[in-house]
Novice: 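Quick one: the structure is below, and I'll ask about it shortly.
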Amino acid sequence: MPLPPSASIAAISRHSGQAVTLAGWIAGKTEKGKLVFLRLRDGSGLIQCVVFRKNVAEETFTAAQSLTLESSCRISGVVRADERAPGGFEIDVSNVEIVQLAPEYPIQPKEHGVEFLMEHRHLWVRSAKQHALLRIRAEITAAAQEWLNDQGFVRFDSPILTPCAAEGTSNLFATQYFDLGSAYLGQTGQLYVEAGMMSFGKVYCFGPTFRAEKSKTRRHLTEFWMIEPEMAFATHEDNLVLQEQFVSAIVQRVLERRAADLATLERDTATLERCLPPFPRITYDDALDLIARHHAEVEGCTPLPWGEDLGAPHETLIASRFDRPVFVERFPSAIKAFYMEPDPQRPDVALCADLLAPEGYGEIIGGSQRIHDVALLERRIRAYGLNLDDYQWYLDLRRYGSVPHSGFGMGIERATAWIAGTHHIRETIPFPRMLYRMYP
RNA sequence: UCCCCGAUAGCUCAACGGUAGAGCGGCUGACUGUUAAUCAGUAGGUUCCAGGUUCGAAUCCUGGUCGGGGAGCCA
């Protein structure tokens, strides 16, 4: 009769000296004649299991010998402290029950190319580094939501199928929506969380967003997850304070709870430990000065005339001059979304900010104070060439009890790439969707 | 969309105009402390596709397909 697992590998030290049954997959095997070492992975951790021929039934030893990489099995035995074992504990095996014997496993414990690994992403997620990375992602999404919940935010999700372009800028994925014409996969939930903010005061949405841009860089996905808080009666200043507290709370929680995974990834945690408020702030104007003076330090970085948006090399240069995330605020309104509140001191710039992660990981947050005056918002919608009829519901939010309000969006994958120290964003989501990849 | 690069055994790669190879993995055997074990043996190929140059093409040329790196766009 099959035994259910009686212990998890992560908590194996609690069972030292006891007989347990573990259920999992074979992560490695070494045969040494009359003994077999099995490395068993159960999702919580990895442990070495030792099968001695003279200690077990002949069929148990044969079963242990026959196990292949990633075969599933139940292993019973006594937990024993042994300093020769990785992790300090091993299983002295008494029984091996094969659940399924796997044929030759494609992914070997050696170097593989990106194309091959992406083609086998459904198997690659079992590998130690991918496992650590995706656990960190899960910690980040949990930390982000729980922190906002603790601050009184209410989760208020936005639709994924939307009737028109929210910002009128990005290219959207279109799909046929019954007899109502085209629907578009949303590229932000922001306009909808503004409606929620007027109901709950503080809200956030969290879900996938879609950009049909033909981006082909290590910082872009066509489908990515974004968490977007929005607060009533909040100014640009309030927004920046919220962001630095939010980001540092997430980073500190990952440092506390996922230290082992950061170690697996060989992440240098020094820059993460410094990630505490307040974050430095520079204005767009200051950024242009800084670029003019230091552009030679970064390859491909050239001085910018006022009014041009920052490119990737400019962001890298700016981020490299600070030891923690840095806000770049008050961009020219003309290069930003139509709904951003103009600076009352200087109406040609917007009350907005991008948060740049250190170490060249780029923009992880974009946020702004939103226009709350209905007449100004109408003028902006027209000036951006958008169809006013599409935005009547959004204008209603300014007709009935309008208040100053602010919010931002954080890209989960970019934040994960930075915190985990992963070169390419594609590994920070289980199944990345990219320009040239939709399988598996 | 633009610029650059690549495709040879299951995987990682070599062969650069003259007989298509190695390491790893697989399979068979040996081994009581391995942990990307070691040793011996063994199987495994439409050199991405189509056309061209040549006595002869994995190799050179043209086109295509698939993919990688970067830019722009943005989170």
Side-chain angles (χ1 to χ4, degrees), chain A residues 26-40 46-55 61 65-66 68-69 80 82-87 90 92 102-120 127-128 167 169-172 187-190 206 208-228 299-302 308-316 335-337 354-357 361-367 408-418 423-426 428-429 434-437 439:
Chain A
I26 298 299
K29 180 179 79 167
T30 309
E31 288 189 72
K32 276 286 291 159
K34 296 192 173 63
L35 77 168
V36 177
F37 295 97
L38 300 170
R39 283 176 294 287
L40 187 75
L46 195 68
I47 195 166
Q48 170 166 287
C49 306
V50 191
V51 192
F52 285 90
R53 181 168 218 158
K54 65 168 186 168
N55 292 356
F61 192 76
Q65 283 183 308
S66 73
T68 53
L69 209 54
R80 181 174 62 197
D82 189 316
E83 54 186 33
R84 291 171 296 185
E90 65 183 18
D92 186 9
E104 186 184 352
Y105 189 64
I107 300 179
Q108 301 166 22
K110 61 172 283 193
E111 295 289 319
H112 289 286
V114 171
E115 183 178 1
F116 176 80
L117 290 169
M118 290 310 304
E119 201 69 19
H120 295 85
S127 303
E167 300 185 0
T169 51
S170 303
N171 291 319
L172 305 178
Q187 88 274 38
T188 172
Q190 190 216 302
F206 180 43
T209 50
F210 304 87
R211 303 279 163 90
E213 301 289 345
K214 293 195 168 180
S215 298
K216 189 169 157 38
T217 81
R218 65 190 177 91
R219 298 182 308 281
H220 288 86
L221 297 169
T222 54
E223 176 181 324
F224 66 97
W225 285 61
M226 187 154 64
I227 191 159
E228 297 177 271
E299 196 183 336
C301 189
T302 51
E308 289 281 310
D309 208 351
L310 305 180
H314 306 111
E315 291 184 354
T316 301
I335 55 171
K336 288 293 180 181
D354 288 349
L355 183 66
L356 306 183
Y361 287 94
E363 181 185 345
I364 54 172
I365 285 181
F408 65 92
M410 183 178 82
I412 293 297
E413 291 76 17
R414 284 194 184 171
T416 303
W418 163 53
H423 177 71
H424 202 298
I425 196 172
R426 66 186 158 216
T428 63
I429 185 168
M434 294 177 293
L435 183 51
Y436 295 120
R437 179 158 300 279
Y439 176 91

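None of these values were measured; they are calculated from a predicted model. Every chain is numbered from 1 and lettered A, B, ... according to where its sequence line falls, protein lines coming before strand lines.
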Novice: Ignoring hydrogens and geometry, is there a side-chain-to-backbone donor-acceptor pair from A/His314 to A/Thr302 under 3.5 Å?
Specialist: yes
Novice: Given that both distances must come in under 3.5 Å, which nucleotide forms a Watson-Crick or G-U wobble pair with B/C60?
Specialist: B/G52
Novice: Taking atom P in both B/A14 and B/C60, what distance in whole Å separates the two?
Specialist: 14 Å
Novice: If the cut-off is 4.0 Å, is A/Arg218 near the phosphate of B/G70, judged by side-chain N/O to OP1 or OP2?
Specialist: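 A/Arg218 to B/G70 OP1/OP2: side-chain N or O found under 4.0 Å.
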Novice: Taking B/U42 as the reference, what is the distance to B/C5 when you measure between their P atoms (whole Å, please)?
Specialist: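 The answer is 42 Å between these two P atoms.
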Novice: Report which part of the nucleic acid A/Phe224 touches: base, sugar-phosphate, or nothing (heavy-atom distance under 4.0 Å, all strands).
Specialist: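 Base contact.
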Novice: Contact class for A/Pro86 (heavy atom, under 4.0 Å): base, sugar-phosphate, or nothing?
Specialist: base
Novice: Please state how far atom CG in A/Leu435 lies from atom P in B/U1, giving the value in whole angstrom units.
Specialist: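 Rounding to the nearest Å, CG of A/Leu435 and P of B/U1 are 8 Å apart.
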Novice: What integer number of Å spans the C1' atoms of B/G26 and B/U19?
Specialist: 27 Å
Novice: Report the distance from atom NZ of A/Lys216 to atom P of B/G72, rounded to the nearest whole Å.
Specialist: 15 Å
Novice: When you measure from the side-chain N and O atoms of A/His120 to the phosphate of B/C11, is any distance below 4.0 Å, counting only OP1 and OP2?
Specialist: no
Novice: Quick one: closest heavy-atom pair of A/Lys29 and A/Ser66, and the distance?
Specialist: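 Result for this residue pair: NZ-C, 4.3 Å.
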Novice: Okay, side chain of A/Glu90, backbone of A/Ala85: is any donor-acceptor separation there less than 3.5 Å?
Specialist: no
Novice: I'd like to check A/Phe224 versus A/Thr209 (side-chain heavy atoms, cut-off strictly below 4.5 Å). Are they in contact?
Specialist: yes
Novice: Considering every strand and a 4.0 Å limit on heavy-atom distances, what is the contact class for A/Ala415: base, sugar-phosphate, or nothing?
Specialist: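 The residue A/Ala415 makes no contact with any strand.
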Novice: A/Tyr436 near the nucleic acid: base, sugar-phosphate alone, or nothing, with a heavy-atom cut-off under 4.0 Å?
Specialist: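 A/Tyr436: backbone/sugar contact only, no base atoms under 4.0 Å.
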Novice: NA contact type, A/Gly28, heavy-atom cut-off 4.0 Å: base, sugar-phosphate, or nothing?
Specialist: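 A/Gly28: no heavy atom of the nucleic acid under 4.0 Å.
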Novice: Test for a donor-acceptor pair under 3.5 Å between the base of B/C74 and the side chain of A/Ser215, counting only N and O atoms.
Specialist: no
Novice: In whole angstrom, what separates A/Glu315's CD from B/A71's P?
Specialist: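 For the pair A/Glu315 CD and B/A71 P, the rounded distance is 10 Å.
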Novice: If you find the nucleotide of RNA chain B closest to A/His314 and the one closest to A/His112, which residue's nucleotide is nearer the 5' end?
Specialist: A/His112
Novice: Could you tell me whether the side chain of A/Lys214 reaches within less than 4.5 Å of the side chain of A/Thr222, counting heavy atoms only?
Specialist: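 No, their side chains stay 4.5 Å or more apart.
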Novice: Atom pairs under 3.5 Å, N or O on each side, protein against nucleotides 37-41 of chain B: can you list them with distances?
Specialist:
residue: B/A37; atom: N6; partner: A/Glu31; partner atom: O; Å: 3.1

Novice: Determine the Euclidean distance between corresponding P atoms of B/C31 and B/A58; express it in Å to zero decimal places.
Specialist: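 46 Å, rounded to whole Å.
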Novice: In the structure shown, which nucleotide is the Watson-Crick or G-U wobble counterpart of B/U28, with both distances under 3.5 Å?
Specialist: B/A40
Novice: Mind checking A/Glu90 for me? I need base, sugar-phosphate or nothing, with any heavy atom below 4.0 Å counting as a touch.
Specialist: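 Here A/Glu90 touches the bases of the nucleic acid.
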Novice: Reading RNA chain B from 5' onward, which residue's closest nucleotide shows up sooner: A/Arg437 or A/His423?
Specialist: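 Checking each residue's closest nucleotide, the 5'-ward one belongs to A/Arg437.
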Novice: According to a strict under-4.0 Å criterion, is A/Arg426 in side-chain N/O contact with OP1 or OP2 of B/G69?
Specialist: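 Result: yes.
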Novice: Who is the Watson-Crick or G-U wobble partner of B/A14, with both distances under 3.5 Å?
Specialist: none
Novice: Identify whether any heavy atom of A/Gln48 sits under 4.0 Å from a base atom; if not, whether one sits that close to sugar-phosphate; answer base, sugar-phosphate or nothing.
Specialist: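 A/Gln48: base contact, heavy atoms under 4.0 Å.
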Novice: Heavy atoms from C-beta onward define the side chain here; which of B/G70, B/U32, B/C66 lies closest to that of A/Phe52?
Specialist: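 My answer, after comparing the listed nucleotides, is B/U32.
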Novice: Within the structure provided, determine whether A/Leu310 and A/Glu363 are in side-chain contact (heavy-atom separation under 4.5 Å).
Specialist: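 No, their side chains stay 4.5 Å or more apart.
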Novice: Indicate, with a heavy-atom threshold strictly under 4.0 Å, whether A/Gly311 touches base, sugar-phosphate, or nothing.
Specialist: sugar-phosphate
Novice: Work out how far the P atom of B/A43 is from that of B/G10, and round it to whole angstrom.
Specialist: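 These two P atoms come out 16 Å apart once rounded.
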Novice: Mind checking who B/G67 pairs with, Watson-Crick or G-U wobble, both distances under 3.5 Å?
Specialist: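 WC or wobble partner is B/C5.
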Novice: Would you measure the distance from the P atom in B/U47 across to the matching atom in B/G51 and give it in whole Å?
Specialist: 14 Å
Novice: What's A/Glu363 touching, base or sugar-phosphate or nothing? Going by heavy atoms closer than 4.0 Å.
Specialist: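 Sugar-phosphate, no base atom in range.
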Novice: Checking A/Thr68 side chain against A/Glu104 main chain: does a donor-acceptor pair fall under 3.5 Å?
Specialist: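 Such a contact is absent between A/Thr68 side chain and A/Glu104 backbone.
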Novice: Among B/G23, B/G68, B/G33, which nucleotide sits nearest the side chain of A/Val114?
Specialist: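 For A/Val114, the side-chain atoms sit closest to B/G68.
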Novice: Please report the distance, rounded to the nearest Å, between CE in A/Met226 and C1' in B/A75.
Specialist: 6 Å
Novice: Measure the spacing between CG of A/Asp92 and CZ of A/Phe52 and express it to the nearest 0.5 Å.
Specialist: 6.5 Å
Novice: Say whether, by atom type as modelled, one donor and one acceptor occur between the side chain of A/Arg211 and the main chain of A/Gln187 under 3.5 angstrom.
Specialist: yes
Novice: Once you measure the plane-to-plane angle for A/Phe116 and A/His120, does it fall in the parallel (<30°), tilted (30-60°) or perpendicular (>60°) bin?
Specialist: tilted
Novice: Tell me, do A/Gln65 and A/Phe61 make a side-chain contact under 4.5 Å, heavy atoms counted?
Specialist: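 Heavy-atom side-chain distance check passes, below 4.5 Å.
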Novice: Could you tell me how far apart A/Glu104 (CD) and B/G25 (P) are, to the nearest whole angstrom?
Specialist: 10 Å
Novice: Determine the Euclidean distance between corresponding C1' atoms of B/U12 and B/G63; express it in Å to zero decimal places.
Specialist: 30 Å
Novice: Pick base, sugar-phosphate or nothing for A/Asp309, based on heavy-atom distances below 4.0 Å to the nucleic acid.
Specialist: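 Sugar-phosphate only.
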Novice: Could you check how far CG of A/Leu356 sits from C1' of B/C74, rounded to whole Å?
Specialist: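 After rounding, the reported distance stands at 13 Å.
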Novice: Whole-Å distance between B/U12 P and A/Ile107 CD1?
Specialist: 11 Å
Novice: What interatomic distance, in whole Å, is found between P of B/U28 and the corresponding atom of B/G64?
Specialist: 48 Å
Novice: Roughly, in whole Å, what's the span from CG in A/Asp82 to P in B/G33?
Specialist: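 So the two atoms are 13 Å apart, to the nearest Å.
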